[in-house]
Structure formats: structure tokens, C-alpha cells
2 protein chains.
Amino acid sequence: MKTDDRQADMTEHSDAPSDEPMLRRRKAHIRLSNEAHLLACAEAVFAERGFEGASTAMIAERAGVPKANVHYYFPTKLALYRRVLDDVFEEWHCAADTFDSSDNPVEAIGGYVRAKMALSQRRPLGSKVWASEIIQGATHMQDILSERVKPWMESRVVVINDWIARGLLAPMDPRALLYMIWAVTQHYADFDAQIKTLSGKRALSKKAFEALTEEVVALVIRACGAKAP
Amino acid sequence: MKTDDRQADMTEHSDAPSDEPMLRRRKAHIRLSNEAHLLACAEAVFAERGFEGASTAMIAERAGVPKANVHYYFPTKLALYRRVLDDVFEEWHCAADTFDSSDNPVEAIGGYVRAKMALSQRRPLGSKVWASEIIQGATHMQDILSERVKPWMESRVVVINDWIARGLLAPMDPRALLYMIWAVTQHYADFDAQIKTLSGKRALSKKAFEALTEEVVALVIRACGAKAP
DNA sequence: GTCTATAGACGGATAGAC
DNA sequence: GTCTATCCGTCTATAGAC
């Protein structure tokens, strides 16, 4: 690991015993920084090849460190993979929080779709790791799905059913709506290779992605059959 | 390969020279039958593990044959993978044909969504192989995307824009609509592990899947903002 | 905390008997 | 067409010098 710049903050240390806590802090900083670097590289390799297809050697090479260092920071390939999944879920959870239960379903759903589209743009690799894991049976994240995603979904089902009962949305299966939002927004991260080939373009500009986001919001809002409260 | 039942149709052959064509036909039948069996097993393994994660040994084991037989019928793992992708595309293409350019966009789009949902139910493993391949960069099917999928998409964009110009659909980006249809319908095949965990059920009954299909059709038709012609 | 070297299992692919 | 045995490369993980 290229430690030259990472260790720059310790050049002014002395021999005094009061240095010990600082040393500890420095070491902790090195560990956290290297872990974060490896996690980012691992996310890219897992996205490009899936769990079994990825190798610790590829992750090490991308991080610019010997293979053994990967095992120093993460005991096994599976432990590293699991940490990537946990990280990705944390961001998913933040976006999920934007789906509030206000009286205005158009704002709540529209805001959630925008948050999910922004996440697809900001972290497409994480979305791909998540998608690959589920496609391959979700064996390494059953706990996340049942303990974290499922309760969230059930709470949103209640909210959506309430909106429907009050005539704010068309009658529908709330789960089908949530699956639709996930599928459509994550499609732009997971299937970007297909989209690039079909559009003939390399990637979307920031402006173009904003316009696309509003297209998706409009589609989803119409799909809801939202009426004025 | 368990040849006992597959060779039953040759027990009555004689020494006459007229047998030669029959022998050829029998051998051709064995080849086609074994190829089809291996392709089906390969599709399952590729769906469960992705291209790099799958091994020829796993495919052979699932097919009940020694590993060498896989290489007898398909020279390389990549050639076998490519044949699976071609097979999956052929069914995709059949479903795509149901999207006609009639004067009734509700019927055309609704029929297409039903065909795609039926395909997700009938062949979820193929959908997963396709999805994994695209997530991992679509490097092994660029030709299918640019030579087969892209022309189809462009022809449908023209049709949808025509419907919009005639006031039959709400103004929208036709590509965003097509991506939505793909994403939503394929979600039920690709993400079935997540859906099972979130719903707490093992799998959907035939009746339940029909009801779900109509939910999805209703969502998509509303998203189109379809009006009576 | 970093690195080289290597153990031990498994990968794709092939040779050659039957 | 089928199968056993095997080549050779890469895999995950670890040992041990620095």
C-alpha cells in the first residue's frame, strides 16, 4: 500500500510517552483508510465479475497492493464481500428514508424516485453488486433482506394502502408499485452497458441524467394514478 | 451421458447398406439431444453463478456426465455460454414480435407486457443469465445488442412517437418507457430470491402470477397516460 | 503493517483407451 | 460417443522475513 502520503501526519512525533495515544490514532487511521480503499476496489471487481468470478488477486492489483495485504485487512474473500454488501445497503437505507408518509403521495413517491435515481448515478457499482447477489440467490444477504428490507417494505405498504383508501392513488398492489420503482431506477445503474450500446452514447451528462430522472418520475407518478388530495 | 434410453430407437437396425442414412440420423439425434440437455444445465449454472463463477465441472455434474463430455460437445466454456445467450435471445425476440404497431397502443403495449411477464415465469434462468451478462459489461453479446436489439428498439421508438403525436399517449421519452417495461417485467425473474424473502412465500401459484401480471399491465398502461383513440 | 514465497485445492482443456 | 487420467494455470489462504 502506498503509505507515503498516508503517513505524512506523523512526521512531527517525539519520544515523549504522551505520544502513545497519537501513535494509536495514527495506526487506526491507516487501518481505516486502507480498508476504505480496499472496499472501493473490491466493489468495482465484484460488480464486474460477481462474487465467485472476482479474485482477491484482481482486487489487490486494482488497489496497488500485494495480495497478502487484502487478507491482512479482511480475513476471507467472503468477509470482504459481505462488508461491501453492508456498505451498499447503508446507502440504500438512507435513500429509503426519503419515502415519508406525508399527506402528499406525489411528493413522497417522487422524492423517493429521485433519491433512487441519484443513487444509481452516484454509485452504480454498488447497485450492480447488490443485483448480482440477488440474481444468484441472495444467499449472503438473507439477513439484510428479512431484518432490514422486509420491515421497511411492510411499513411502506401500510402507507400506500392508506393513500389508496383515501382516494389519493389508484387501487393497486403496493408491492407491485415498490418493485416497479426499484426495478426502473436500478435499471439505469445495472444495465448501463446495454443502455450505452442502444443509445450509441458513452455516458449521460449530468444535465441529461437530470432530464431522464424527471422522465422516470413522471412515468411512476402516472403509474400511481395520483389524484389531487 | 445416460445413453440407455436415448439409444432405444436403434435396437432394430440390420446390416443392409440402406441403414447408413438411418445411422447418421440416429447419431445426429444423439448429438442434438445431448446438446440440448447440456445447454439447459449450463443455463442453470450460469444463472446461479455468472460466467466466471460457473465451472464446466458443475455443468457436467448437473448433466450427469463426465467433464470431458462437455468439451466434446462445446469446444470451450465461452462457446457454451454464447450458445446459451443466443438461445435466450431467440425467446426474447419472439416476445418482442408481440409489440405490434396497431392503432391501439393499449393493446400493443399491454400484449407486450403480458408476453414479457410470461417469459419471466417460463424461463427465469435465461433472464438471469442475460441480466448477469449485461451487469458485467455485456462483453460477450455486444453484437446481439447492436445488430438485433438496437434496430428493434429504434423501430418501436418510431411507433411510440407516432402514438404520442396522434395524442394516444402522454408525451414522454419512448426509450424510458421501453426500459421501464423491460426492468419491471424482468425484475420478477431476476430478483425472485428477494421477492420470495420479502413476501415470505416460496413461489407464486399460476393464478397469483396471472393476477400479478395484470397489476403490472395496469401500472404500465397508466404510466403511458393512454387515452381513447 | 508490508511483502515474497508457497501450500493445497480447483479451474479449463486435452490425450488417448474403449 | 464416452470416459479416466492428467497437464498446467489460477484460486484462496497462510507462513514468515522485514
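So you know, we letter chains A, B, ... as the sequences are listed, proteins then strands, and number each from 1.
Across the protein-nucleic acid pair, L38(B) atom CG and dT2(D) atom C1' stand 12 Å apart, rounded to whole Å. Here the C1' atom of nucleotide dT14(D) and the CZ atom of F74(A) are 18 Å apart, to the nearest Å. To the nearest angstrom, C1' of dG1(C) lies 7 Å from CD1 of I30(A). Here the P atom of nucleotide dG1(C) and the NZ atom of K27(A) are 6 Å apart, to the nearest Å. When rounded to the nearest whole Å, the span between CD of E61(B) and C1' of dC3(D) equals 16 Å.
Listed by chain and residue number, H187(A) satisfy the ring pair (Phe, Tyr, Trp, His ring centres under 6.0 Å) test with F191(A) (two or more places apart in sequence, or in another chain). Every residue meeting the side chain to side chain donor-acceptor pair (under 3.5 Å) condition with R82(B), not counting sequence neighbours, appears here in chain and number order: D86(B), D143(B). Residues forming a side-chain contact (heavy atoms from CB on, under 4.5 Å) with M153(A) (at least two apart in sequence, or on another chain): V157(A), R175(A), L178(A), Y179(A), W182(A), L198(B). The side chain to side chain donor-acceptor pair (under 3.5 Å) test applied to Q136(B) returns no partner, not counting sequence neighbours. Checked against ring pair (Phe, Tyr, Trp, His ring centres under 6.0 Å), H93(A) has the following partners two or more places apart in sequence or in another chain: F89(A).
Put simply, N69(A) has no side-chain N or O that comes within less than 4.0 Å of OP1 or OP2 on dG1(C). Taking 4.0 angstrom as the limit, N34(B) places none of its side-chain polar atoms (N or O) nearer than this to OP1 or OP2 of dG1(D).
Applying the 6.0 Å contact sphere to CD of E61(B) captures no more than 12 heavy atoms from other residues, nucleotides or ligands.
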Annotated protein contacts, base or backbone, on nucleotides 10-18 of chain C with a non-hydrogen cut-off under 4.0 Å, one of B, S, - each:
-SBBB----
